[in-house]
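None of these values were measured; they are calculated from a predicted model. So that the names make sense, note that chain A is the first sequence line, chain B the second, and so on, each numbered from 1.
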Amino acid sequence: MTKNLLIVESPAKAKTIEKFLSEDYTVKSSFGHIRDLPKKGLNIDIAHNFEPKYEISSDKKRVVADLKQAARNRQVWLASDEDREGEAIAWHLTQALGLDPKTTKRIVFHEITKPAITDAIAHPRVVDQQLVDAQQARRTLDRLVGYELSPILWKKVRTGLSAGRVQSVAVRLLVEREREIKDFKPVSSYKVTTIFTDKKGHEVPAELTTKLKDAGQTKEWLNKIKAATFTITRVEKKPGRRSPSPPFTTSTLQQEASRRLGFSVRQTMVLAQRLYEAGHITYMRTDSTNLSDIALHAAADYITKTYGGQYSQTRQYKTKNATAQEAHEAIRPTDLKKTTIRGEQKQQKLYQIIWQRTVASQMAAAKVEKTEVTIDISNQSEQFLAKGEILRFDGFLRVIGGKKEDMILPELESGQNLDTKRITATEVFSRPSARYSEATLVRKLEDLGIGRPSTYAPTISTIQSRGYAEKIDIEGTDRQITELTLEHGTITSKQVTVTTGADRAKLVPTPIAEVVTDFLVKHFSNIVDYDFTARVETDFDQIERGKESWQKMIASFYKDFHPLVKKSEDIPRQEVSQAHLLGHDPKNGEPIYARYGRYGPMLQRGETENKDKKPDFAPMPAGQTIESVTLEQALDMFTLPRIVGTTEDGQEIKANIGRYGPYIQVGQTFVSIKPLDPRTITETEARKLFRDKQAQDAAKSIQEFSSGIKVLNGPYGPYVTDGKKNARINAKQNPAKLTEKQAKELLALHKTKIRRHKQSV
DNA sequence: CAGTGAGCGAGCTTCCGCTTGACTT
């Protein structure tokens, strides 16, 4: 039996540390937090000084029981991370294990090395209650905000929605960026380029430093320079340098893996976790760019031996983020000598970029020689500029690649004349800000100091699973641009088609996100303010320094926040759904509204409060918004559904526009009529489409039982269906001879379909 | 693929942050 029990947060860390300690120590892990507010209910006693009611988390009961057992008759050392959350974990451990926080030994270390741990054990302290209190304030604030705001959304917008300090700001960022893109008016201008030649025929590519306004001005300008001569007025050579980036933090790793490898934020974290568990890299949830002394020495040693001393440059990077807690090192390989690892290909790739980034960060800057040549036009004030760049020393680029082709200009002198055969002016358009990808949204949140490394990936998942955002590929649209060319003294104009606006795997907000954001910005502006987190962080700071009690801070916040929650109960749903009165139906005087519904913008005729007659609904006409739609357009939509006529056997044919476009309906059968218009489709057209569909269904049907169970031919082979559940028929059975009993058995065997997102890891 | 949107009303949803498995298709 050992004398000491040392508790860390992560089991992988426990395993490593145990090796560094004498046989007197048993090392166990808490697997993160062990106690928390129960999931159900607020569990904060507002009337009694915001007293939180903690409980052991359900998935940690066994961990706690095990730790309790291990703590018996042993000296306990609490070695959770050195940050707010880590301190709270240490304190919760004292509470759950029945230890005295005033005397239980608390230690911290920043590197998992023998000297660091030995040193930590030599200098124990006790739990820092002020730091714990700052965490309690953080926890309580998040619970109050999340659990008081979300129910308002259930009532006013849609059940199951959520709001919170982090996710609501993330959604707001998406909504505002999307609106910026929608409102953006691209401005066109003309970029002028040419390739000059000197007397010896060497080429000098150059671009006009100013852009020309429009086609008219550009033509005029090109006309004038027909007679111009071109003279070099300045040749400037200057040294330049490119420096390596700091080692990876969670957020920069996610960005780089997204950019270079196309990984989602979640995928990157799963792969990094495996690399960490295999001992290949240091901890992957960190906000620090710091490298341990041992790592710095190892890097210098490796670089000097492999590439030579001139490539080595030891650097310690300062973490820029003000809210960083720096409990861990940067993400780096545990052994730089391992340039590659074995294992799954995606893990290898991720390891490779971590290795490169770490080594590069300790290498010399790349040195370039830049040349700039200014060329004057004899009869115009604009100037051409030619740029050359030659790499003189590759430095860190040797490891990460990314070398640009040298752009070598011939030897040129001021006063020298240049010739040109052809000058091209191409129409270019200004572009709106880019949509956020998962990784760029994480970067933005980090810049704002919102969220922590362990929550970036879950936050991105949450806003998608709550229906606030969708990750989609956006198809580009074709655009005609003009290209003017001056050659042999004549100007020719040509139209060129380019694709613009195409975007891959970008986060796009849904209509629900717009409604919720507008609601929160209007009534809870404080919470969704971009600097709300930064402001509360300064309050937490005060608590950490013992300048204020955490309950006082929360009380002062709640005093302003809660009345807004109360007040919001009176906000009518009509207002939240942004109902616009378009006018009245001339037939019966009923009001017509454009507003947001569950599935986006829609039209409503009649009042929702009217108990005698429920309102009618119609989809928004294509391309219109609740602001732009007119009364006439809306009335036109209410002519649907329209009775087109009957089928040959007398069944009614209805035509309408649904979620997936125009369709006709006969009984329970729906037939898409794209591209026909449901308002003008004739009975003959409708009958034909319906007959075609019936023929198609007949070809699909193999058997039909009286109970309604059908045996059908599907794209994946024959299957049985009862209308809700589908079950495949196994290859041995003949679908045409399947009995009703067998069909029922197949359906009973088949589990209810669970829809889940594909996980590509 | 699935053709909605109100309201009725029971019973449900929800936050952020720290850590890994235990579960299926």
Subject >> Separation of atom CG in A/D616 from atom C1' in B/dG3, rounded to whole Å >> reply: 16 Å
**OP:** Check the pair A/K155, A/R573 against side chain to side chain contact (heavy atoms under 4.5 Å, CB included), reporting the backbone distance first and the verdict last.
**Re:** CA-CA 8 Å; A/K155 267 189 256 161; A/R573 280 189 68 123; over 6 Å; no
Subject >> Separation of B/dA2 C1' from A/F670 CZ (nearest whole Å) >> reply: 8 Å
**OP:** Only counting residues at least two apart or in another chain, list the ones meeting side-chain hydrogen bond (donor to acceptor under 3.5 Å, both in side chains) with A/T250.
**Re:** none
**OP:** Could you tell me which residues satisfy side-chain hydrogen bond (donor to acceptor under 3.5 Å, both in side chains) with A/D36, sequence neighbours excluded, listed by chain and number?
**Re:** A/R139
Original post:
In whole Å, what is the span from the CG atom of A/L271 to the P atom of B/dT20?
Top reply: 15 Å
**OP:** Check the angle between the aromatic planes of A/Y276 and A/Y283 and answer parallel, tilted or perpendicular using the 30° and 60° thresholds.
**Re:** perpendicular
Subject >> ring pair (Phe, Tyr, Trp, His ring centres under 6.0 Å) partners for A/H110, two or more places apart >> reply: none
Original post:
For A/F670, which residues count as a ring pair (Phe, Tyr, Trp, His ring centres under 6.0 Å) partner, sequence neighbours excluded?
Top reply: A/Y663
Original post:
Which part of the nucleic acid, if any, lies within contact of A/P11, taking any heavy atom under 4.0 Å across all strands shown: a base, the sugar-phosphate backbone alone, or nothing?
Top reply: sugar-phosphate
**OP:** Mind checking ring pair (Phe, Tyr, Trp, His ring centres under 6.0 Å) for A/Y147 and listing every partner two or more places apart, or none if nothing turns up?
**Re:** none
Subject >> d(CE, A/M269; C1', B/dT20) in whole Å >> reply: 13 Å
Original post:
Does B/dT19 have OP1 or OP2 sitting under 4.0 Å from an N or O in the side chain of A/S30?
Top reply: no
Subject >> B/S/- contact track for nucleotides 12-18 of chain B, protein heavy atom under 4.0 Å >> reply: -BBBBBB
Subject >> Whole angstrom value for the distance that separates P of B/dG21 from OH of A/Y276 >> reply: 11 Å
**OP:** For A/K156 and B/dG7, give me the distance from atom NZ to atom P, rounded to whole Å.
**Re:** 11 Å
Original post:
Residues two or more places apart in sequence or in another chain: which of them pass ring pair (Phe, Tyr, Trp, His ring centres under 6.0 Å) with A/Y456?
Top reply: none
Original post:
If you look at every strand shown and take non-hydrogen atoms under 4.0 Å, does A/Y456 touch a base, only sugar-phosphate, or nothing?
Top reply: nothing
Original post:
A/Q273 near the nucleic acid: base, sugar-phosphate alone, or nothing, with a heavy-atom cut-off under 4.0 Å?
Top reply: sugar-phosphate
**OP:** Would you write the dot-bracket representation of DNA chain B, where each base gets (, ), [, ], | or . depending on whether it forms a Watson-Crick or G-U pair under 3.5 Å and with which partner?
**Re:** .........................
Original post:
Between B/dG9 and B/dT13, how far is it from one C1' atom to the other, in whole Å?
Top reply: 16 Å
Original post:
For residues 86-96 of chain A, which residue pairs qualify under salt bridge (charged side-chain N to carboxylate O under 4.0 Å, His left out), counting only residues two or more places apart or in two chains?
Top reply: A/E87-A/R106, A/E87-A/R125
